[in-house]
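Let me begin by presenting the structure, written as structure tokens, before commenting on it.
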Amino acid sequence: MDNAYFEAMEAKIPRGRIRTRFAPSPTGYMHVGNLRTALYTWLIARNGGGTFILRIEDTDQGRLVEGATDVIYRTMAECGLTHDEGPDVGGPVAPYIQSERRDTYGRYARLLVERGHAYYCFCEKTESEEDAGEWDRAADPCRALSPEEAQARVDAGEPYVIRQRIPAAGTTTFRDAIFGDITVENAALDDQVLLKRDGLPTYNFANVIDDHLMGITHVVRGSEYLSSAPKYNLLYEGFGWDVPTYVHCSPVMRDQHNKMSKRHGDPSYEDLKAQGYLTEAILNYVALLGWSPRGEQAEREVFSLAELAEVFDIAGISKSPAIFDIEKLTHFNALYLRAMTPEAFHAAAEPYIRQAVRNPALDTRAIAALLQARCERLTEIPEKVDFFEALPAYEKDLFTNKKSKTNDEVARSMLEAAIPALEELGSWDQESIHACLTDLAARLEVKNATLMWPVRIAAAGRAVTPGGAVEICLILGREECLRRLGLGLEKLTV
């Protein structure tokens with residue numbers, strides 16, 4: 001083999017600081033587990049003052065989904081998980097798309113054959129058979145071929161794969177930052193395919209090569225890969241490379257027994273956004289799915305992304321699976337909505353308000369001010385405010401309220417007094433409307449609620465509304481407000 005090539009590749013590897021990578025496959029949406037992996041990987045890099053890399057793993061060409069790479073870029077950008085190196089920004093160890101590194105994998109696979117840690121296999125056994133546990137190392141005659149005979153068959157153009165040569169005896173110990181030392185019998189490991197017949201690497205082989213050549217110091221992945229980890233160790237040992245720190249995270253579960261799955265309708269990041277959850281709330285909640293802060297921050301739950309980067313440490317990651325609780329996420333979302341500035345909340349809420357309130361004369365800022373303390377998800381907004389656009393049909397039973405001490409007769413008398421009082425107002429502003437109605441209640445010798453309840457019901461046609469009678473009357477405007485109050489009075493006099 002040409003050692004100059006390998007020496008040049010080694011010379012390019014950045015060293016001396018933490019380097020992490022998020023390496024998704026463009027096979028569809030960004031599910032919650034993927035987002036958590038991206039977040040933890042980013043946080044480890046940022047907490048340690050290191051480098052965060054985005055790498056696209058597209059070697060499984062049969063599973064690629066058109067547009068999925070765009071979803072990855074868009075999600076990472078929306079979440080603020082900026083990468084220092086990647087396909088779109090370049091870097092010292094480019095390219096960062098696996099299909100563009102094809103020649104590299106072939107060279108390293110052949111180097112491993114030369115070193116005796118891999119071999120050419122000409123059998124017809126399929127990868128699916130191995131995945132099903134049907135692999136029998138002893139039955140593979142290619143493992144016993146001499147290097148000369150194997151090379152002759154390669155030179156003759158015979159199709160082949162390159163398999164890892166797992167030691168027949170002994171054990172392999174793998175260390176994980178979360179689960180500690182894990183030892184397996186080598187006899188339990190299969191001679192996995194490293195290089196497929198089409199010349200593309202398998203996922204497991206490409207990961208090891210790329211992680212080493214990109215100088216990755218910490219590898220974050222799901223705990224389902226723990227069983228493959230000893231084979232990674234043997235690959236590193238075969239090349240004579242240092243093993244990175246591995247961080248295997250337990251799965252995110254839908255319930256005690258089932259992992260989250262798109263097949264079962266579990267939401268992706270984009271689904272959660274479409275359901276009215278803020279990116280900041282999603283990230284905060286996802287960070288706590290299997291990780292908890294320690295020390296002075298142990299009881300704290302609400303963190304910005306920058307604050308997470310300051311306090312995140314690997315030791316806080318749990319071995320136990322995390323259960324995704326949509327109600328807990330909704331709680332986080334409500335906290336974030338209420339903490340926004342009025343301007344920021346209006347900007348987020350306005351598209352949802354306009355879904356239901358199309359009249360340009362109605363002030364979306366005033367409507368947003370009513371919603372901010374009463375909204376848990378942005379998608380709740382249209383149904384909360386559609387009465388501003390058009391008075392809904394309602395029964396006069398709504399005018400009866402025990403707490404406000406109203407019934408049909410009381411409500412009728414309240415509206416009969418409120419309509420002329422509001423008609424005579426010189427200025428239609430919140431202070432004037434409030435003063436008008438509270439002064440009227442005092443003259444009528446009733447509590448404010450006894451007057452405000454029928455006014456609000458007539459103005460909104462709803463028992464539950466964001467905001468009270470004064471705010472709703474103000475937003476509707478004098479003409480529409482008085483029209484609706486008149487309709488309410490008619491309903492009560494029939």
Side-chain angles (χ1 to χ4, degrees), residues 29-33 35-36 39 75 78-80 252-255 260 262 264-292 299-305 307-308 322-358 362-389 392 398 403 456-457 460-472 475:
Y29 67 107
M30 179 81 82
H31 61 69
V32 170
L35 179 59
R36 186 185 65 171
L39 176 60
T75 301
E78 286 183 10
C79 293
V252 179
M253 309 289 285
R254 176 161 32 100
D255 52 42
M260 290 187 73
K262 185 72 169 177
H264 295 113
D266 295 318
S268 67
Y269 165 77
E270 291 197 321
D271 291 334
L272 293 172
K273 286 277 291 182
Q275 291 168 17
Y277 293 97
L278 298 172
T279 295
E280 296 83 356
I282 297 171
L283 282 175
N284 192 156
Y285 179 61
V286 167
L288 300 175
L289 284 174
W291 173 83
S292 57
E299 301 302 316
R300 185 177 172 187
E301 284 192 320
V302 178
F303 295 91
S304 68
L305 187 60
E307 290 168 338
L308 282 170
I323 296 178
F324 183 86
D325 183 348
I326 196 70
E327 292 184 6
K328 184 71 170 177
L329 173 59
T330 302
H331 165 72
F332 270 94
N333 205 61
L335 294 178
Y336 273 85
L337 288 171
R338 288 160 197 167
M340 296 171 81
T341 64
E343 295 78 13
F345 179 79
H346 173 255
E350 184 178 24
Y352 296 90
I353 295 172
R354 283 303 183 202
Q355 286 179 24
V357 182
R358 296 177 178 84
L362 296 176
D363 184 358
T364 56
R365 283 179 172 76
I367 295 173
L370 303 183
L371 290 165
Q372 188 163 4
R374 301 172 175 88
C375 180
E376 292 186 321
R377 292 183 294 119
L378 293 170
T379 46
E380 298 171 351
I381 290 175
E383 65 181 7
K384 287 181 179 289
V385 301
D386 57 2
F387 68 87
F388 283 111
E389 178 74 10
L398 285 184
K403 186 176 180 181
R456 186 174 63 83
I457 294 300
R462 292 271 179 82
V464 178
T465 58
V470 173
E471 294 90 348
I472 292 170
I475 292 170

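None of the values given here were measured: they were computed from a predicted structure.
- Within the 4.5 Å cutoff, side-chain heavy atoms of K273 are placed close to those of T279.
- Rounding to the nearest 0.5 Å gives a distance of 12.5 Å between CD1 of I353 and CG of D386.
- Around CZ of R338, the count of heavy atoms belonging to other residues, nucleotides or ligands within 6.0 Å exceeds 12.
- With R36 contributing its side chain and L289 its backbone, the two residues share a donor-acceptor pair below 3.5 Å.
- Here L39 contributes atom CG and L283 contributes atom CG; the two are 5.5 Å apart, rounded to the nearest 0.5 Å.
- In this structure, F387 and K384 approach most closely via the heavy-atom pair CE2-O, 3.2 Å.
- Taking every heavy atom of both residues into account, N333 and G276 meet most closely at ND2-O, 3.3 Å.
- In plain terms, the two heavy atoms of A287 and L308 that are nearest each other are CB-CD1, 3.8 Å.
- Residues meeting the side-chain hydrogen bond (donor to acceptor under 3.5 Å, both in side chains) test with N284, sequence neighbours left out: Y336.
- Of the options Y277, Y269, F324, a ring pair (Phe, Tyr, Trp, His ring centres under 6.0 Å) to Y285 is made by F324 and by none of the others.
- Of the possible polar contacts, none joining the D363 side chain to the I475 backbone as a donor-acceptor pair under 3.5 Å is found.
- In terms of heavy atoms, L362 sits closest to E389 at CD1-N, 4.4 Å.
- Side-chain contact check for I282 versus F332: every heavy-atom pair is 4.5 Å or farther apart.
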Inset, instruction - Starting from the C-alpha separation in whole Å, work towards a yes-or-no answer on side chain to side chain contact (heavy atoms under 4.5 Å, CB included) for I326 and L272. - result: CA-CA 10 Å; I326 196 70; L272 293 172; 4.0 Å; yes

Mind listing the side-chain donor-acceptor pairs of residues 373-381 below 3.5 Å, one per line with the distance, residues two or more places apart or on another chain?
residue	atom	partner	partner atom	Å
R374	NH1	L370	O	2.6
R377	NH1	Q275	O	2.9
R377	NH1	T379	OG1	2.9
T379	OG1	Q275	O	2.6
E380	OE1	E376	N	3.1

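- Between the side chain of E301 and the backbone N or O of L288 there is no donor-acceptor pair closer than 3.5 Å.
- C79 and L35 get closest at one heavy-atom pair: SG-CD1, 3.9 Å.
- Judged purely by atom type and a 3.5 angstrom limit, R462 has no side-chain atom pairing as donor or acceptor with the backbone of R456.
- Across all non-hydrogen atoms, the minimal contact from V252 to G33 is CG2-CA, 4.4 Å.
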Inset, instruction - Take L371 and F345 through the test side chain to side chain contact (heavy atoms under 4.5 Å, CB included) and record every step on the way to the result. - result: CA-CA 9 Å; L371 290 165; F345 179 79; 4.0 Å; yes

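- The side-chain contact (heavy atoms from CB on, under 4.5 Å) test applied to R354 returns E350, V357, T364, not counting sequence neighbours.
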